[in-house]
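From a predicted model like this one, the values you see are computed outputs, not experimental measurements. Residue numbers begin at 1 in each chain, while the letters A, B, ... track the order of the sequences.
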Amino acid sequence: MASSYNAKEEDGQLSGAAGSGGVGAGKSKKPDNTAFKQQRLPAWQPILTAGTVLPAFFVIGLIFIPIGIGLFVTSNNIKEFEIDYTGIDPASPCYNCSQTLTWNSTKPCVCKVPFTLEQSFESDVFMYYGLSNFYQNHRRYVKSRDDSQLNGDASSLTSPSKECEPYRTSDNKPIAPCGAIANSLFNDTLTLYYINPNGTESLVPLQKKGIAWWTDKNVKFRNPGGNNFNLTAVFQGTSKPVNWQKPVYELDTDPENNGFINEDFIVWMRTAALPTFRKLYRLIEKKNNMIPTLQRGNYTLDITYNYPVRRFDGRKRMILSTISWMGGKNPFLGIAYITVGSVCFFLGVVLLIIHQKYGNRNNSAEIPN
Amino acid sequence: MFRRCFNRWCGGDENRVDSRTIYVGHRRCPGTNTYLPLKFCDNRIISSKYTVWNFLPKNLFEQFRRIANFYFLIIFLVQVIVDTPTSPVTSGLPLFFVITVTAIKQVGDEEWMMWITETSLQMRMNTIPAHLILGLVCRSTEDETFPGCSIQASLDGESNHKTHFTVADTEKHLDSFYATIECEQPQPDLYKFVGRMHITKDGLEPIVRSLGPENLLLKGATLKNTKKIYGVAVYTGMETKMALNYQGKSQKRSAVEKSINAFLIVYLCILISKALVCTTLKYVWQSHPGHDEPWYNQKTQKEKDTNKFLKMFTDFLSFMVLFNFIIPVSMYVTVEMQKFLGSFFISWDKDFFDPEIQEGALVNTSDLNEELGQVEYVFTDKTGTLTQNNMEFIECCIDGYQYNYRDSRTELDGFCVTDGPVSKLQEKAGKEKEELFLRALCLCHTVQVKEGTELHGMDEVDGIGASDDAEQCCYIASSPDEVALVKGAKKYGFMFLGMEGKHMKMQNRNKDVEQYELLHVLNFDPVRRRMSVIVKTKSGETLLFCKGADSSVFPRVQAEEVERIRMHVERNAMEGYRTLCVAYKSLSSEEFEQTDAALQDARLALQDREERLAQVYDQVEAGMHLIGATAVEDRLQEEAAETMEALHGAGMKVWVLTGDKMETAKSTCYACRLFLKRTELLELTVRTLEEGGRPKEEKLHELLLDYHKRAVQDRHKDKDKEGVTRSWSSGFREFGFIVDGATLSLVLNASPDASASRYKSLFLQICQNCTAVLCCRMAPLQKAQIVKMVKNSKGSPITLSIGDGANDVSMILEAHVGIGVKGKEGRQAVRNSDYAIPKLKHLKKLLLVHGHLYYVRIAHLVQYFFYKNLCFILPQFLYQFFCGFSQQPLYDAAYLTMYNICFTSMPIVAYSLLEQHICIESLLENASLYRGIAKNAMLRWGPFLYWTLLGLFEGLVFFFGVYQLFWNPALADNGQVFGNWTFGTIVFTVLVFTVTLKLAMDTRHWTWVNHFVIWGSLAFYIFFSFFWGGIIWPFMQQQRLYFVFANMLSSVSAWLIIILLIVVSLLPDIVIGVFRQPQGPDRQQVPGPDPAGCETRTPLLSEATSAGATEQTSQCTRILSTFQYKQNLIPDWRPPGPLLIES
């Protein structure tokens, strides 16, 4: 970018200042001779010309293309496995469950979905559940929550916000946690078994903690009653959300992961941006440097099928993914960077050619003179 | 307009009584028994519309009458009433902000202005109580300001001297003075006052004396030259003429505002169609079974019960509310602020400071700043504007003999004959005639003598007073011509010594003092164009002396006398001098008595006083003898020619409208290079019409057709021949057009048949094809007529009027922009103008620099505002497609609210105040740059479309870029996912940065303020986001953004996408900007067309004078070429071609 500092002469500024201090100047209407009032503030006057933008294009190109390649390679190195277990297809193991599912069924419907990993997952593996056609970003849904209740506010516990309607009270008791979001908490249970080459199943250990934002878990979401770990007593007088099978204080046995600070719950409460989304479900930590986290081979996904999605044409997926510094697998960023970098580079070349051509003509025109 | 309304309103109130009666000193006249105290207001001026009590409701009402504010109020109410996606705060807060700022600005504006005038008056008024009551007799001493309008001695708000007279027969002792004053109801005309005073002397018949404007002192006047006076307050408080005249707010609206309104309608259409599309699609989408009410998202009972059509309607309103930010609330307030603050730069400009009058430019309205950059027609007055109105007596002609005064060649008797008519060289007129002529000069005027400084301790010499050091006295008059003539007479030995009572004293050549009794002064007025005095000599002879314009004097004198003098008058006029003819008449005693009675009678009339006076004047001033003529030189203003050249170079057409003779005006035009040697003059005057002896109409028709052929048709042919590219090169013919008042009225008021409108259109076409037009012998109203005609012609060009005198007021008010020159003819023009400058030469900088910059600034401001709100709202619109058309806002309420008032407002305000895309020096040197922005170039549909497309593109990039990223919402390196608020925050961050950087790229003039504000608002955004998300806000329903921003920044992907999207969004603008650059050798030349052409077209900044300037100049040049090239690419930029009149 061409630039030059153009400090315009502030000729009379001194005299102007002196004048205004003088006795006579007070009466005179002569305008002050200051740089500001005379619109003569020193200014930097950049202009975009081919010559100045040209290097910028090359620089952007040269920076973006490597970044893009890096991103692309990183994204490609991320291993991701996705399986749809909705059970739409009659051949699918969960078909029966999906057909017979009712909210009131006391006996959970369990189905087993076998799958094979072609590659081993070397680093930490993250297990997600994905939902499709689920409008968590619908306005009625998004606002249907009471953050002060979730923050442990006692008065909000007993009289939740009106925004929670129609999930505010049930049986004349306030619902805790109230609102449509909490009510529709994802309640399928997923367990993963590795089928050893010898045919025996071994449970893959899944970690429940560390899936929610730290600030959510520790600040935004708090159980009422402070340090009282007797959540049953704390939630006395409240009702469970209508669609829940058990009350909020029975979400987990671990007191650090129970009630409002249950991480599955917190993750669910962060509404997704788009109707097709995934949410972090479990972590599979790498334990041993020698053994990959998930070996290649056969696995079974055991699903306690509770969550109905067929009624709104939804889909449920389970995703296993490794994570890089840029997050999950997404080739878009890499491709976009490469494209933009190339376009900049190309424009740079075009401009250079134009510049050269005209520059030459300029020179040749000057010679006869 | 407003004033007329006001008068009507006022009049309605006062219709009951046509006149009011005031009892002087509240003493009942012995004769009358009835004393009805009428209710008159006290002397407080309630200058503003507002009082403390009614301010809030009244101001709010005023503000909500503005369509835009009303719209936002409606949106706010919808938000309060209907269940809308955004909280009422989001639009309530900006609305509150806007209303507050506007209210402050209005109060500030008004109160401040009034306060300034009021306090400055009050300060001087310390001796007079604020509660002046009508009829109160007050004494006023010299230099004191008058508290109310009162009858007697001196002034009218103009800072020049006016002579006012005490009412005759009132010199009695005040204690025994009984009188009533009957006068008209208050009216705003400063120069009219009609009243009558009944003086009751003890036991005698009441005497009736007439009261005219010369007896009325206006509020705010100061007394000069008289030690003290006694006055009666006749109008007080809100009824004073000054107060009635303070309606000064201009109702003019600028072209930019019209553009804004047009764009607003487009955006309103976009808004409504968006809302309609969304509402429709919402119901289409909901018709799908699982969508409307899935099990996880049940409706409340109330929602289920709502009528479906009502629901649709509220949905529509909700979408309107959601997208309403596309119409920028804050734009109005920003535009107003920009105009208000920006106008200070004009009054601050030291180049406009004139050391002579110790004043700079004055801005009366801030609404029209940018209009200064759009001027196409300049209408200028001649006297006092083009010329200095600093009169100098050059020569006179007595009885056909010419007397040319030269100091160096003064003969003993003060006369030197240099060149008379060739045949009569060295001859002189008879001594009697000479002396009669000089006596006439000494007597026929309204000049007053102000004694030397030592006597009264007054050292103030008014602009009008011409002081004479030797004699220690100076003349004071309302017209500089008169002073020049009196001084001229003095050079020839006849010196006016002043008035003593009713006697005029003068010293003749023999140093004898002669005395004449002044019987009547028949005042000058622009219709009669002459004035007379009736005096009585010592010997008892009654004489009438008359001086006036030749056209008004010649018909009233003997024809053979005219023949002797006409030649001189015409020759003098050719040389650019102002000529006046002097005539006299000896009145017999019967004649005089008749006249005297008629005058008294007419003067006492309360109705039609002016008409009756004029009639009497007409009768008296007949059958006179012409004695001679005078020539007074009125020098050109400094740099008048340069200014006119610059205006021509800037593509403006200059019309000179003057009341002067054609020859005088023409020579002035040549002198200030409006007409060049090669200019072909087309004349349409009484003289050309009279040639050939045919009926005037016929000749007029013929001439019009002929001129039209020459000026319009042929030129178009030339243009076609030369081809489009070369048509505007300097080789074509230039025309000047001269028309006089009489012919003009013939054209404009032609008989109402079909040809009449055709005349007008022909006439206008000719005028528009001429580089300069001279209209001479114009009455003030005709000036306005001309302006109006051009203003309403096709293409509605922007007109500017500049003038200094009261006779220019009508055209100043009529034109889009009225400029007053702080001249010597009083303050009326200045008061009625939009901008006032001390000298004509300041017009160049005012238009070429200030006008240009203001226009570019405001145009950019407007376009930018629409653009930034389009790309603000577009992602929100697109998001509806992915959230089931549920009106879910993409951004948090805080962002929605703060976007326009905090995050993106300050940079554009700074830009719109400080930007100089071309440096001031270049703008001044290259008048042709002004053409680049002609015809509202930056606010036409082309640029608007460009900005809109840019906004659309960026909105799409923002949304779909982030959308693609959220295909996998696991963006953190710990595998955690981001939700909808992170989505919105990423989009918003990209948006704020892009929009601010776009402005940064457009900024060509980076002062520290720009740096501070641009980087400051970005920093503020980041700071605010951390702050807003860093706290669990008490009393808030939802903590949506809690740590969203911080978590977003912890993700590398979010950083990368933000950078990428900013680059992608700005890339097209940079590329287009670069490809618009001039490439190759042409870049140093002005590519703009150059139709009218100044005679010497200075190559663009080719000569850099000093070494120091070179670097700066080259910098300017580069910016310059960029700018010009850009302008060239604006799609429908056309050179200002011939305009056609709307039929």
Nearest 0.5 Å, what's the [atom1]-[atom2] distance between [X] and [Y]?
X	Y	atom1	atom2	answer
B:N297	A:S144	CG	OG	7.5 Å
A:L71	B:S1053	CG	OG	7.0 Å
A:L150	B:Q1039	CG	CD	10.5 Å
B:C919	A:R40	SG	CZ	9.0 Å
B:D349	A:Q39	CG	CD	7.5 Å
A:K220	B:Y1042	NZ	OH	9.0 Å

So which of [options] has the largest heavy-atom pair count under 4.5 angstrom toward chain B?
options	result
A:R270, A:Q38, A:E163, A:R168	A:Q38
A:L347, A:V267, A:V142	A:V142
A:A212, A:S324, A:P275, A:S161	A:A212
A:V219, A:D313, A:D146, A:L283	A:V219

Measure from the side-chain N and O atoms of [X] to the backbone N and O of [Y], and report whether any donor-acceptor pair falls under 3.5 Å.
X	Y	value
B:D973	A:I323	no
B:N980	A:N137	no
B:Q1038	A:K143	yes

Could you report the tightest heavy-atom contact between [X] and [Y], atom names first, then the distance?
X	Y	result
B:D292	A:R140	O-NH2, 3.4 Å
A:W213	B:V977	NE1-O, 3.2 Å
B:Q976	A:I211	CG-O, 3.4 Å
A:A336	B:L1060	CB-CD2, 3.5 Å
B:L965	A:F332	N-CD2, 3.9 Å
A:A273	B:Y879	O-OH, 2.7 Å

Exceeds 12 heavy-atom contacts within 6.0 angstrom, atom [atom1] of [X]:
X	atom1	answer
A:F346	CZ	no
B:F1012	CZ	no
A:W214	CH2	no

*Salt bridge between B:K299 and A:E165, side-chain N to carboxylate O under 4.0 Å?*
no
Heavy-atom pairs under 4.5 Å with chain A, option from [options] with the top count:
options	answer
B:A1046, B:G975, B:G984	B:G975
B:N968, B:T1007, B:V1052, B:T300	B:N968
B:F885, B:W981, B:W1055, B:Y963	B:Y963
B:G961, B:P355, B:P294, B:P289	B:G961

Checking heavy atoms, do the side chain of [X], its backbone, both or neither come under 4.5 Å from chain B?
X	answer
A:Y128	side chain
A:Q149	neither
A:F126	side chain
A:I67	side chain
A:N133	both

Which answer fits [X], side chain, backbone, both or neither, if we ask what part of it has an atom under 4.5 Å from a heavy atom of chain A?
X	answer
B:V849	neither
B:E303	side chain
B:T1003	backbone
B:L853	side chain
B:I1032	side chain
B:S1051	neither
B:L914	side chain
B:N974	backbone
B:V1009	side chain
B:L1067	side chain

Do [X] and [Y] come close enough that some side-chain heavy atom pair is under 4.5 Å?
X	Y	value
A:Y167	B:Q298	yes
A:Y135	B:S886	no
B:P969	A:R278	yes
A:F57	B:I1070	yes
A:I181	B:Y296	no
A:F64	B:V1063	yes

_Classify the ring geometry of A:H138 against B:W285: parallel below 30°, tilted from 30° to 60°, perpendicular beyond 60°._
parallel
*Taking the six-membered ring where the residue is Trp, are the ring centres of B:W1008 and A:F36 under 6.0 Å apart?*
no
*Below 6.0 angstrom between ring centroids: does that apply to A:Y307 and B:W295?*
yes
_Applying the side chain to side chain contact (heavy atoms under 4.5 Å, CB included) criterion to A:V340, which one of B:V1064, B:L1061, B:I1059 satisfies it?_
B:V1064
*If we ignore angles and hydrogens, is there a donor and acceptor under 3.5 Å between the side chains of A:Q45 and B:R1004?*
no
*asked:* What verdict does the side chain to side chain contact (heavy atoms under 4.5 Å, CB included) test give for B:R1040 and A:D147, after you've listed the backbone C-alpha separation in whole Å, the side-chain angles of each residue and the deciding distance to 0.1 Å?
replied: CA-CA 9 Å; B:R1040 299 158 170 174; A:D147 276 341; 5.5 Å; no
